[in-house]
Amino acid sequence: MLVGTDPVRSKIRESFARSPVDALLDPRLAARLERLDVFSRKILSGKLLGERRSKRRGRSIEFDDFRDYTPGDDLRHIDWNAYARLDRLFIKLFREEEDLALHLVVDASPSMDTGNPNKLLFALRLATALGAIGLANQNRVSASVLGRRVAPKTLAAIDASPPAASSNQLPFASLRPLRGRTSLHALARFFAAALDPSASTNSEPLSLVPAPADLNTSLRSLASRGLGRGICVVMSDFLDEPGVDAGLRALAATDPGVMDIYCLHVLSPGEVNPELERDAGLQGDLRLTDAETGRAREVTVSPALIARYRRSVDRFCADLRARCLSLGLAPLRVTTDAPIERVVLDSLRRGGLLR
């Protein structure tokens, strides 16, 4: 577990205090992200005109194509020059430019704050990279952290929602929509506080404190407040004792047709193959404690048990993928030993999220 020792925690806190952006996003990778952009599989309608070419034809000044005139079309869009040459009526079509909303959701439940490398830190770094891409392309980027609340004493110091103390009982913390490269610091600072509740800079205090709730409850609560229009990327291990079917169904039901949802399934190498954790003491007779519930169970780690466990993990991953696909959600599995650069530049591009 990443946060198991004070020296590790102190090192993280110091790096966040110096620069949350550099702590979560390698400057060398940041330079390579400039030529990428997020991509929606659906025709989405933004709130504001932006710098993106939409799939939707509209009313901009950039010509795109012709189509035959049909009764009821706006006569102002008829190409009269083509009519004079061909004696046929054509309507001029234009490529409309619109903004795109990108909502980044990171699960910060106890099970995510485990693993080697740590799953939560990996998800936050990946979310920061995606946020940098969205901000560089003038998209509206917002963020939510499940299982965390904004500490009441810092509500007045930041632009976070919900702003009211009564609303702060929700099992997640959200950051208002941001736009432009200069907003990357605010996004990174928000994510940094999710990993280390005491992480802050001297001039910009921010603290996110645990908000105990199961993953289903958090996802349903987030979905009930509306995700708006655009792309939503949920990063989680999707580990929840009753399963996450209710939470996935709630996500899928949010504004069908206008919200493109990606589910990034984050696992550590040791979760996939426990044999990798032998050097850390995962062998013989052990007492294992559930990170989510705190319940303990005594087990004897043997080759047969590991084989049975790996079959269960494979079945869990396959079931989660199948359920996501059946609900119209896009699943993608990543492990925390994969370099963030490779995940962004390879896996997410092949998965259709980036281009």
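If you're wondering where the values come from, they're calculated on a predicted model, not measured in any experiment.
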Visitor: Tell me if a side-chain donor or acceptor on N216 pairs with a main-chain N or O of G247 at a distance below 3.5 Å.
Guide: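 Checked: pair present.
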Visitor: Could you tell me the separation between the CG atom of L104 and the OG atom of S174, rounded to the nearest 0.5 Å?
Guide: 11.5 Å
Visitor: Closer than 3.5 angstrom, by distance alone: can the side chain of R148 be matched with the main-chain N or O of A194 as a donor-acceptor pair?
Guide: yes
Visitor: Under a 4.5 Å side-chain heavy-atom rule over Ile, Leu, Val, Met, Phe, Trp and Tyr, are L29 and L24 clustered together?
Guide: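 Hydrophobic grouping puts L29 with L24.
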Visitor: If you look at every heavy atom in T254 and A223, which pair is closest and at what distance?
Guide: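 Here T254 and A223 meet closest at CG2-CB, 3.4 Å.
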Visitor: For the pair D214 (side chain) and G243 (backbone), establish whether a donor and an acceptor sit closer than 3.5 Å, ignoring hydrogens and angles.
Guide: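 No, D214 side chain to G243 backbone: no donor-acceptor pair under 3.5 Å.
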Visitor: Do F39 and L354 make a side-chain contact, defined as non-hydrogen atoms from C-beta onward lying under 4.5 Å apart?
Guide: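 SC-SC contact between F39 and L354 ruled out.
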Visitor: Would you check if R140 and L178 make a side-chain contact, meaning some heavy-atom pair closer than 4.5 Å?
Guide: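 R140 does not reach L178 side chain to side chain.
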Visitor: Would a 4.5 Å heavy-atom cut-off, applied to side chains only, mark V145 and F190 as touching?
Guide: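 Yes. Closest side-chain heavy atoms under 4.5 Å.
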Visitor: Measure the spacing between OG of S302 and CG of D285 and express it to the nearest 0.5 Å.
Guide: 10.0 Å
Visitor: Locate the shortest heavy-atom distance separating A213 from P171; write the atom from each residue and the value.
Guide: CB-CB, 3.5 Å
Visitor: If hydrophobic clusters are built from ILVMFWY residues whose side chains come within less than 4.5 Å, do L222 and L327 share one?
Guide: yes
Visitor: What pair of heavy atoms forms the shortest contact from C263 to L329, and how long is it?
Guide: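 For C263 and L329, the tightest heavy-atom pair comes out as SG-CD1, 3.9 Å.
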Visitor: Between N139 and V141 (side chain of the first, backbone of the second, donor and acceptor by atom type, cut-off under 3.5 Å), is there such a pair?
Guide: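 Side chain of N139 to backbone of V141: no pair is present.
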Visitor: Between R323 and D319 (salt bridge meaning N to carboxylate O under 4.0 Å), is one present in this structure?
Guide: no
Visitor: Please evaluate residues C232 and V105 with respect to the criterion side-chain contact (heavy atoms from CB on, under 4.5 Å), reporting the C-alpha separation (whole Å), side-chain torsions for both, the decisive distance (0.1 Å), and the verdict.
Guide: CA-CA 7 Å; C232 178; V105 180; 3.9 Å; yes
Visitor: Quick check for you: to the nearest 0.5 Å, what is the distance between L320 atom CG and D237 atom CG?
Guide: 10.0 Å
Visitor: Side chains of D79 and I91, heavy atoms from C-beta outward: is any pair under 4.5 Å?
Guide: no
Visitor: Taking all atoms of both residues into account, what is the closest heavy-atom pair of F172 and S221, and its distance?
Guide: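 Smallest heavy-atom distance, with atoms named: CE2-OG, 3.4 Å.
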Visitor: Determine whether R125 and I340 make a side-chain contact, defined as any pair of heavy atoms from C-beta on separated by less than 4.5 Å.
Guide: yes
Visitor: Calculate, to the nearest 0.5 Å, the distance between atoms CG and CG belonging to D37 and N137 respectively.
Guide: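 Answer for the CG-CG pair, D37 versus N137, is 3.5 Å.
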Visitor: Is a side-chain donor or acceptor of T128 paired with a backbone partner of L124 at a separation under 3.5 angstrom?
Guide: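 It does hold such a pair.
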Visitor: Mark yes or no for whether S312, through its side chain, and R308, through its backbone, hold a donor-acceptor pair below 3.5 Å.
Guide: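 Side chain of S312 to backbone of R308: a pair is present.
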Visitor: Just by distance, no angles: are the side chains of S268 and T336 close enough, under 3.5 Å, to form a donor-acceptor pair?
Guide: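 Side-chain D/A pair, S268 to T336: absent.
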Visitor: Can you check whether E292's main-chain N or O pairs, donor with acceptor, with D290's side chain at less than 3.5 Å?
Guide: yes
Visitor: Strictly distance-based, threshold 3.5 Å: is any side-chain N or O of R149 a donor or acceptor partner for the main-chain N or O of L170?
Guide: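 The answer is yes, because a donor-acceptor pair under 3.5 Å joins these two groups.
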Visitor: Looking just at side-chain N and O atoms, do H265 and S236 make a donor-acceptor pair shorter than 3.5 Å?
Guide: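 No, no side-chain donor-acceptor pair sits under 3.5 Å.
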Visitor: Rounded to the nearest 0.5 Å, what's the gap from CZ on F238 to CG on L264? Could you check?
Guide: 8.0 Å
Visitor: Look at the side-chain heavy atoms of Ile, Leu, Val, Met, Phe, Trp and Tyr, link any pair under 4.5 Å apart, and say whether V272 and L121 land in one connected group.
Guide: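 No, separate clusters.
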Visitor: Between V313, T335, L239, which is the residue that forms a side-chain contact (heavy atoms from CB on, under 4.5 Å) with E271?
Guide: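 Per the side-chain contact (heavy atoms from CB on, under 4.5 Å) rule, the option paired with E271 is L239, out of V313, T335, L239.
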Visitor: Measure the shortest side-chain to side-chain distance between L282 and L286 over non-hydrogen atoms and say whether it is less than 4.5 angstrom.
Guide: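 In contact.
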Visitor: List the atom of T289, the atom of A296, and the distance in Å for their closest heavy-atom pair.
Guide: OG1-CB, 4.0 Å
Visitor: Do L146 and L267 sit in the same hydrophobic cluster, where Ile, Leu, Val, Met, Phe, Trp and Tyr count as joined when their side-chain heavy atoms come under 4.5 Å apart?
Guide: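 Result: no, two separate clusters.
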Visitor: So do the side chains of R310 and N273 get within less than 4.5 Å of each other, counting heavy atoms only?
Guide: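 They are in contact (side-chain heavy atoms under 4.5 Å apart), so the answer is yes.
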Visitor: Excluding sequence neighbours, so at least two apart, what forms salt bridge (Lys or Arg N to Asp or Glu O under 4.0 Å) with D68?
Guide: R88
Visitor: Kindly determine whether F191 and V21 satisfy side-chain contact (heavy atoms from CB on, under 4.5 Å), including the steps that lead there.
Guide: CA-CA 10 Å; F191 283 147; V21 175; over 6 Å; no
Visitor: Between I133 and L345, is there a shared hydrophobic cluster once you connect ILVMFWY residues whose side-chain heavy atoms come closer than 4.5 Å?
Guide: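 Shared cluster, yes.
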Visitor: Between E277 and G270, what is the shortest heavy-atom contact and its length?
Guide: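 Scanning both residues, the minimum pair turns out to be OE2-CA, 3.5 Å.
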Visitor: Ignoring hydrogens and angles, tell me if any N or O in the side chain of T114 forms a donor-acceptor pair with the backbone of S111 under 3.5 Å.
Guide: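 A pair under 3.5 Å: yes.
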Visitor: Set out, in order, the CA-CA distance, both residues' side-chain angles and the distance that settles side-chain contact (heavy atoms from CB on, under 4.5 Å) for F90 and I78, then state yes or no.
Guide: CA-CA 6 Å; F90 293 95; I78 292 177; over 6 Å; no
Visitor: List for me each residue that meets side chain to side chain contact (heavy atoms under 4.5 Å, CB included) alongside A330, sequence neighbours excluded, and say none if there are none.
Guide: R41, Y262
Visitor: For the residue pair R176 and S142, establish whether any side-chain heavy-atom pair is separated by less than 4.5 Å.
Guide: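 A side-chain contact under 4.5 Å is absent here.
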Visitor: List the steps and the verdict of side-chain contact (heavy atoms from CB on, under 4.5 Å) for I231 and L353.
Guide: CA-CA 9 Å; I231 297 173; L353 175 59; 3.9 Å; yes
Visitor: Could you check whether any side-chain N or O of R179 sits under 3.5 Å from a backbone N or O of Q138, counting only pairs where one atom can act as donor and the other as acceptor?
Guide: yes
Visitor: How many angstroms lie between CE in M235 and CG in L126, if you round to the nearest 0.5 Å?
Guide: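 That separation rounds to 5.5 Å.
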